[in-house]
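Remarks on the structure that follows.
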Protein chains: 2
Amino acid sequence: MGITKTQIFDKRQNELAQLFKILGHPARIAILQHISTQNSCICNDLVEEIGLAQATISQHLKELKSIGLLKGEIEGKSMCYCIDLDRWNELQEFLNSFFNTTKHNCC
Amino acid sequence: MGITKTQIFDKRQNELAQLFKILGHPARIAILQHISTQNSCICNDLVEEIGLAQATISQHLKELKSIGLLKGEIEGKSMCYCIDLDRWNELQEFLNSFFNTTKHNCC
DNA sequence: TCTTATTATCGTAATATTGCGATATATAAA
DNA sequence: TTTATATATCGCAATATTACGATAATAAGA
């Protein structure tokens, strides 16, 4: 046991859960906020500003990339991680559609 | 290691992450959908419809209650779990405010 | 080419989550 | 009161996540 039984849920349920799950870590929230509002998209800057080890930040960046939220570009000898705004809006709509279609009660 | 370093993040970041995290499991998504769109709010019905053990469903219900999304009321000898619509809307706005304030790129 | 700087990946330890059987608790009905 | 039904909690095993040091890979500049 301990393994999530994804096979008993449908595609949309698993997708929604996966998106929520990846957003469900404060370091990843902080990364997104830094990139967006602090004008900091260089991996090394994030390491210093957030205060986790470089390997850890790199791992979190990888997960955010896995759902398409971030795209990384080589900037000299650094990596510039930027938010994919199209994907960002797509996800926001997807999550909102979940919230809106689940807004009714049975009693 | 292995423990999330919540102390280096601020209250809002931890709150957001906690909400996303709890929504980040397909069983909990399914529970919310069943309650809302299948008119099924009795714990035992959910057990049968979702196909996880009763103990497991009970645990997931507890987590959804922990962020205020569900409230349970005694209905005869069963429990009726309903979505707290005020809290639901509050969360939707909270998540949208995160999405909207993080919608800019540094480059 | 050699060195330096930056990021990714590997391996591993600590902790958290998931799932379930067993059991406790609570309520309704007999 | 006794029995049946429904839910919560406990304890545990399996798996996943988090974090980091060490190291590999890559690119710029001396």
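Chain letters run A, B, ... following the sequence lines, proteins first and then strands; every chain starts at 1. What you see is a predicted model, and the numbers here were worked out from it, not measured in a lab.
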| field | Residues A/Leu95, B/Phe20; criterion side-chain contact (heavy atoms from CB on, under 4.5 Å); working and verdict | value | CA-CA 11 Å; A/Leu95 301 191; B/Phe20 279 126; 4.2 Å; yes
Could you give the side-chain donor-acceptor pairs of residues 5-12 of chain A under 3.5 Å, partners two or more places apart or in another chain?
{"from": "A/Asp10", "atom 1": "OD1", "to": "A/Arg12", "atom 2": "N", "distance (Å)": "3.2"}
{"from": "A/Asp10", "atom 1": "OD1", "to": "A/Gln13", "atom 2": "N", "distance (Å)": "2.8"}
{"from": "A/Arg12", "atom 1": "NH2", "to": "A/Ser97", "atom 2": "OG", "distance (Å)": "3.0"}

| query | Going by heavy atoms closer than 4.0 Å, what residues in residues 22-33 of chain A are next to DNA chain D? | reply | A/His25, A/Arg28
| query | Can you list the residues that meet the ring-ring contact (aromatic ring centres under 6.0 Å, His included) rule with A/His34, with sequence neighbours excluded? | reply | none
| said: Which label fits A/Trp88 and B/Phe99: parallel for a plane angle under 30°, tilted from 30 to 60°, or perpendicular past 60°? | reply: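 The arrangement is tilted - the two ring planes meet at 30° to 60°.
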Could you list, one pair per line, each protein nitrogen or oxygen that sits under 3.5 Å from a nitrogen or oxygen of nucleotides 3-8 of chain D, together with the distance?
{"from": "D/dA6", "atom 1": "O4'", "to": "B/Lys77", "atom 2": "O", "distance (Å)": "3.4"}
{"from": "D/dT7", "atom 1": "OP1", "to": "B/Cys43", "atom 2": "N", "distance (Å)": "3.4"}
{"from": "D/dT7", "atom 1": "OP1", "to": "B/Met79", "atom 2": "N", "distance (Å)": "3.0"}
{"from": "D/dT7", "atom 1": "OP2", "to": "B/Asn44", "atom 2": "N", "distance (Å)": "2.8"}
{"from": "D/dT7", "atom 1": "OP2", "to": "B/Asn44", "atom 2": "ND2", "distance (Å)": "3.3"}
{"from": "D/dA8", "atom 1": "OP1", "to": "B/Tyr81", "atom 2": "OH", "distance (Å)": "2.2"}
{"from": "D/dA8", "atom 1": "OP2", "to": "B/Ser58", "atom 2": "OG", "distance (Å)": "2.8"}
{"from": "D/dA8", "atom 1": "N7", "to": "B/Gln54", "atom 2": "NE2", "distance (Å)": "2.7"}
{"from": "D/dA8", "atom 1": "N6", "to": "B/Gln54", "atom 2": "OE1", "distance (Å)": "2.8"}

What is the separation between atom [atom1] on [X] and atom [atom2] on [N], rounded to the nearest whole Å?
X       : N      : atom1 : atom2 : result
A/Gln18 : C/dT17 : CD    : P     : 16 Å
A/Asn14 : D/dA16 : CG    : P     : 14 Å
A/Glu63 : C/dA8  : CD    : C1'   : 14 Å
A/Ile57 : C/dT9  : CD1   : P     : 15 Å
B/Phe9  : D/dA19 : CZ    : C1'   : 11 Å
B/Glu75 : C/dA28 : CD    : C1'   : 13 Å
A/His60 : D/dA16 : NE2   : P     : 18 Å

| Within less than 4.0 Å of OP1 or OP2 of C/dC20, is there a side-chain N or O belonging to B/Thr56? |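 Yes, within the criterion.
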| remark: Whichever of B/Gly76 and A/Lys62 has the more 5' nearest nucleotide on DNA chain C, that residue is A/Lys62
| request: Using a heavy-atom cut-off of under 4.0 Å over every strand shown, decide if A/Leu52 touches base, sugar-phosphate, or nothing. | output: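 Counting heavy atoms under 4.0 Å across all strands, the contact made by A/Leu52 is with sugar-phosphate only.
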| Terminal axes of the helix from C/dT1-D/dA30 to C/dA30-D/dT1 (five pairs each): angle between them, nearest 10 degrees | 20°
| query | Picking from D/dT18, C/dC20, C/dA16, which would you name as closest to the side chain of B/Lys21? | reply | C/dA16
| Polar side-chain atom of A/Arg28 near backbone of A/Ile22 as donor-acceptor pair, under 3.5 Å |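 Yes; judged by distance alone, with no hydrogens or angles, the pair exists.
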| A/Ser66 (side chain) donor-acceptor with A/Glu63 (main chain) under 3.5 angstrom | yes
| said: Going by side-chain contact (heavy atoms from CB on, under 4.5 Å), name the residues that satisfy it together with A/Ser36, two or more places apart in sequence or in a different chain. | reply: A/Ile83, B/Thr102, B/His104
| request: Give the C-alpha distance, both sets of side-chain angles, the deciding distance and a yes or no for side-chain hydrogen bond (donor to acceptor under 3.5 Å, both in side chains) between B/Gln92 and A/Asn100. | output: CA-CA 9 Å; B/Gln92 183 173 12; A/Asn100 290 331; 3.1 Å; yes
| field | Atom pair CG (A/Leu70) and SG (A/Cys80), whose distance is rounded to the nearest 0.5 Å | value | 10.0 Å
| said: Please report the interatomic distance CD(B/Glu73) to CE(B/Met79), rounded to the nearest 0.5 Å. | reply: 8.5 Å
| Side chain proximity check, A/Leu52 to A/Leu46, heavy atoms < 4.5 angstrom |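 Side chain of A/Leu52 against side chain of A/Leu46, heavy atoms only: no contact under 4.5 Å found.
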| Is there a donor and acceptor pair closer than 3.5 Å between the side chain of A/Gln59 and the base of D/dC20? |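 Present.
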| task | Assess whether side-chain contact (heavy atoms from CB on, under 4.5 Å) is satisfied between B/Lys71 and B/Lys65, documenting all intermediate values. | result | CA-CA 6 Å; B/Lys71 45 185 179 185; B/Lys65 260 195 297 185; 5.9 Å; no
